[in-house]
Amino acid sequence: MTIVEKVNLTTGTGWGSGPCIGNTGSVPRLGIPNLCLQDGPNGVRFTDFVTHFPSGLAAGSTFNRGLMYLRGKALGREHKKKGVHIMLGPTIGPIGLKAAGGRNWEGFGADPYLQGIGGAATVEGIQEEGVIATVRHLIGNEQEHFRQVGEWNVSDWFLLEKSISSNIGDKEMHEVYLWPFADIVRSGAGSVMCSYNQVNNTYACENSYLLNYLLKEELGFQGFIMSDWGSQHTGVYSALAGLDMSMPGTIFNDWLGGKSYWGPHLTNAVYNQTIPQERLDDMVIRILAPFFFCNAKGLPTEKDVPNFSSWTYNSYGQQYPLQHYGPTIQQNWHKEARSMFSDQVALNIAREAIVLLKNEDFNLPINKTNGIRKIFISGVAAGTDPKGFNCKDQQCVNGVLTTGWGSATVNNPYVVTPYEAISQKAKSQGMLVEFSTDAWKFDNVDELATNADMSIVVVNSNAGEGYIQVDDNYGDRKNFSLWHNGDELIARVAQKCHKTVVVVNSVGPVNMEKWIENENIVAVIYAAPLGQFVGQAIADVLFGDVNPSGKLPFTIAKDDQHYVPLVDTLNGSRSPQDTFERGIYLDYRFFEKHQIEPRFEFGYGLSYTNFQVSDLKIIEIKTPLKSLEQPNKYLPAKIANENNILDPKAALFPNGIIEFVPGFVYPYLHYGNSTLLNNNREFDYPLGYKPDPVRTPPVAGGGAGGNPALWNILYEISAYVTNAGRYRGGYATQMYIEFPNNPSPQSTKVLRGFDKVFLDPGEETEVKFNVLQRDLSIWDVKQQEWIIQNGTYKVYISTTSKKTELYGIIQICC
């Protein structure tokens with residue numbers, strides 16, 4: 001390829017300059033089309049005839065690896081049918097450090113192991129369908145407040161000069177925040193997206209230590225790193241620091257201006273040798289190689305193009321609608337991407353995601369034979385928003401919750417509301433059904449609740465991405481209260497009805513202390529955003545068509561002060577600092593360490609049946625390595641076009657051949673200007689960047705996901721699970737490992753395995769867990785490597801992070 005062709009693949013063509021959310025330039029000479037990048041992690045954004053899948057948090061709540069994989073496969077298949085080449089998902093960052101974080105619902109839960117397994121399974125499913133997965137966001141994007149300068153001009157936020165800095169220590173970086181990225185690299189993820197925030201006071205997308213060293217060297221990532229939309233702040237710096245693709249190509253807050261840090265500036269920088277051509281080659285190889293890895297056919301062709309437009313739902317319209325430019329063309333083909341497979345996967349996840357938190361006197365499942373003849377359904381969240389099921393980026397929040405808001409949203413093809421599904425099942429059993437969405441005036445609510453045999457209150461709490469605010473929730477939640485006066489509604493209904501069931505449909509934990517111990521509240525279920533089948537899944541569990549098997553992917557506290565607070569004020573600072581003071585003690589680890597009693601712990605979830613766990617066995621497969629061996633040296637680099645610095649006139653804009661589109665980013669040197677930057681031998685390189693090629697990997701590196709020995713299976717843990725109850729059901733066995741406390745103090749215990757099985761009454765099966773070298777390793781900040789300590793490792797087969805069913809030990813000595 002020529003320099004211009006290479007640059008064209010690394011730089012987005014600009015916001016709106018193409019059918020997708022992100023579009024690269026093309027290489028017509030080689031038949032490579034503009035590459036289409038499209039959100040997202042829960043379905044194909046900004047188009048029709050697609051499935052709105054349950055959220056990542058819902059998938060995490062299932063504790064079902066197989067469903068996580070099938071969800072990825074269904075997502076990849078629908079993106080493929082829409083002509084998408086690179087899917088912007090899954091999300092494993094934020095990791096859930098802050099319970100009020102606006103985008104927690106996109107990820108799989110507040111645990112690095114759970115995030116890693118969920119992310120890797122999803123990546124495998126997506127890429128098996130020939131679509132590149134983009135894992136986001138690297139790293140420390142744990143809140144939405146102050147993520148971008150100029151995003152909001154409220155209070156004193158206009159004083160913001162730099163994005164918030166997530167200050168992460170070396171130990172927690174490896175053992176918590178980087179942990180799931182090792183899993184996705186191991187699974188073959190083609191792309192990783194760097195985040196908006198700074199990491200240790202350097203922007204993530206120009207942080208050489210983060211991108212070049214931790215991700216590419218230590219974890220052995222061989223795909224490409226793209227910027228989040230507008231998270232690139234420099235040209236040469238970001239290129240040398242490891243960024244491989246600029247998205248959407250234009251600069252934040254000047255989306256249609258056609259200005260870019262790369263494009264012609266990257267071309268110029270290569271010609272004047274400020275950026276080595278080897279670095280540009282590396283970018284392009286990283287962008288193209290994943291297509292061969294994911295799909296035997298290799299690169300997409302000019303026939304493999306999107307059949308939709310992100311900018312209009314009309315069949316025909318102007319070619320560049322945001323720029324108001326170009327001829328009228330066909331924009332949307334309205335191609336059907338859904339299938340029975342997608343529907344079944346989406347519905348199964350929604351059903352298995354539901355967590356039964358309380359069920360006094362077995363009032364659930366609902367049955368007419370138990371004296372339930374009149375049902376009253378209440379709550380704004382049970383019905384439809386007056387604006388409908390779809391509005392821009394799902395800001396319509398006055399009704400059923402199918403998703404949070406922001407770039408991870410999907411148009412609902414339809415929605416089965418809780419009211420619709422519950423009433424249908426009730427009517428089929430001859431029950432009477434009343435319904436009210438009034439959450440503020442209670443005269444009629446009081447009367448309906450008084451006359452009901454059972455009342456079902458559906459409540460919610462929402463959040464989303466930081467560019468949208470709803471009721472002063474700037475992405476992040478401003479508190480843990482229920483929306484739409486939910487707490488008062490619950491209390492009022494429970495006061496009148498002695499059998500009240502509460503359904504909490506939320507993006508994360510909510511404070512339940514005002515009503516959870518009310519004796520008239522006989523049952524509580526929690527559901528993460530469940531997509532289009534939200535009501536059907538909830539009704540199936542309430543009426544017993546489905547036995548609940550979901551587990552909490554986070555801890556619900558009794559006191560909001562036990563959560564990590566947001567940094568939500570500047571306090572005079574123009575560059576806010578967010579120091580992650582809890583270190584490795586994330587979520588349940590913090591509660592365990594400080595012996596704090598939560599309301600409901602991580603991994604908690606009841607069933608309509610009973611399970612028994614027995615016969616723990618621990619078998620050593622391979623002797624643990626106390627420290628890792630030095631990996632093999634890198635193969636010699638093959639440098640293409642080493643001296644291919646051509647006459648810059650070859651890179652001038654081809655006037656008369658290409659029509660100049662306003663706002664479009666081109667790789668050419670503009671308007672015949674061949675003036676080059678001087679070659680500056682005193683260039684101030686990015687912090688952590690080394691211009692000389694690395695010959696030997698770090699001890700922690702050397703393979704996909706890190707040192708290959710980290711993935712050795714050391715022990716096999718097994719146990720038997722028996723369904724000792726009356727109903728068929730699913731049981732998510734969890735394995736936790738407690739580390740020795742000397743010489744390095746560790747968290748009380750950490751999740752290191754889970755497996756879900758489905759059993760008929762009286763049926764028994766064996767569950768097995770593989771314990772890897774990395775599962776028993778801690779990060780030694782002095783030696784800069786993973787080590788295994790001598791001592792006693794306690795193995796817990798558990799129902800929750802607190803409740804142990806079986807206990808064993810692994811003894812490692814000198």
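Just the heavy atoms: all of them, side chains too, but no hydrogens, waters or symmetry mates, feed the values below.
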Could you check whether any side-chain heavy atom of [X] comes within less than 4.5 Å of a side-chain heavy atom of [Y], counting everything from C-beta outward?
| X | Y | value |
| --- | --- | --- |
| Val771 | Ile713 | no |
| Val507 | Asn104 | no |
| Val524 | Val501 | no |
| Ser461 | Phe480 | no |

Show which side-chain atoms of residues 112-119 pair as donor or acceptor with protein atoms under 3.5 Å away, not counting sequence neighbours.
residue, atom, partner, partner atom, Å
Tyr113, OH, Arg65, NH2, 3.0
Tyr113, OH, Arg752, O, 3.2
Gln115, OE1, Phe108, N, 3.0
Gln115, NE2, Pro94, O, 3.3
Gln115, NE2, Gly109, O, 3.0

Over 12 non-hydrogen atoms of neighbours within 6.0 angstrom of [atom1] in [X]:
| X | atom1 | result |
| --- | --- | --- |
| Lys768 | NZ | no |
| Gln222 | CD | no |
| Glu629 | CD | no |

Residues two or more places apart in sequence or in another chain: which of them pass side chain to side chain donor-acceptor pair (under 3.5 Å) with Glu592?
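For Glu592, no residue satisfies side chain to side chain donor-acceptor pair (under 3.5 Å) once neighbours in sequence are set aside.
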Which residues share a side chain to side chain donor-acceptor pair (under 3.5 Å) with Arg728, sequence neighbours left out
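Side chain to side chain donor-acceptor pair (under 3.5 Å) list for Arg728, sorted by chain: Asp760.
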Test item: side-chain donor near acceptor, [X] and [Y], under 3.5 Å:
| X | Y | value |
| --- | --- | --- |
| Glu805 | Thr799 | yes |
| Asp578 | Ser166 | no |
| Glu601 | Thr800 | yes |
| Tyr796 | Glu738 | yes |
| Thr609 | Asn723 | yes |
| Thr555 | Asp587 | yes |
| Asn707 | Trp786 | no |

Return yes if some donor-acceptor pair links the side-chain N/O of [X] with the main-chain N/O of [Y] below 3.5 Å, else return no.
| X | Y | answer |
| --- | --- | --- |
| Asn359 | Asn363 | yes |
| Gln773 | Leu625 | yes |
| Asn547 | Tyr608 | yes |
| Lys358 | Ile516 | yes |
| Ser195 | Leu138 | yes |
| Ser506 | Gly508 | yes |
| Arg589 | Ile584 | yes |

Using the salt bridge (charged side-chain N to carboxylate O under 4.0 Å, His left out) criterion, which residues pair with [X]? Sequence neighbours excluded.
| X | answer |
| --- | --- |
| Arg136 | Asp39, Glu106 |
| Lys551 | none |
| Asp559 | none |
| Glu172 | none |

ring-ring contact (aromatic ring centres under 6.0 Å, His included) partners of [X], counting only residues at least two apart:
| X | result |
| --- | --- |
| His137 | none |
| Tyr731 | Phe611 |
| Tyr715 | none |

Angle class for the Tyr588/Tyr736 ring planes (parallel below 30°, perpendicular above 60°, tilted otherwise)?
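Because their plane-to-plane angle is over 60°, the rings of Tyr588 and Tyr736 count as perpendicular.
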Result block: side-chain N/O donor-acceptor pairs under 3.5 angstrom for residues 613-620, not counting sequence neighbours:
residue, atom, partner, partner atom, Å
Glu620, OE2, Thr623, OG1, 3.3

Could you please spell out the steps behind the side-chain contact (heavy atoms from CB on, under 4.5 Å) verdict for Val185 and Asp183?
CA-CA 5 Å; Val185 171; Asp183 286 290; over 6 Å; no
Intermediate values then yes/no, ring-ring contact (aromatic ring centres under 6.0 Å, His included), Phe769 and Phe754:
CA-CA 8 Å; Phe769 305 96; Phe754 60 87; 8.6 Å; no
Aromatic contact, Phe591 with Phe602 (centres under 6.0 Å):
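No, too far apart.
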Which atom pairs, donor and acceptor, lie under 3.5 Å between side-chain atoms of residues 806-814 and protein residues at least two apart or in another chain?
residue, atom, partner, partner atom, Å
Gln811, OE1, Thr792, OG1, 2.7
Gln811, NE2, Thr792, OG1, 3.2

Report yes or no: is the cationic atom of Lys593 (NZ for Lys, CZ for Arg) closer than 6.0 Å to the six-membered ring centre of Tyr585, at no more than 45° off its axis?
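Yes, Lys593 sits over the ring of Tyr585.
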Residues Arg599 and Glu517 bridged, charged N to O under 4.0 Å
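A salt bridge is present here (some side-chain N lies under 4.0 Å from a carboxylate O).
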Salt bridge or not between Glu597 and Lys558? Use side-chain N to carboxylate O under 4.0 Å.
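No, Glu597 and Lys558 are not salt-bridged.
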If we check ring-ring contact (aromatic ring centres under 6.0 Å, His included) with Phe554, which of these qualifies: Tyr526, Tyr563, Phe600?
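That would be Tyr526.
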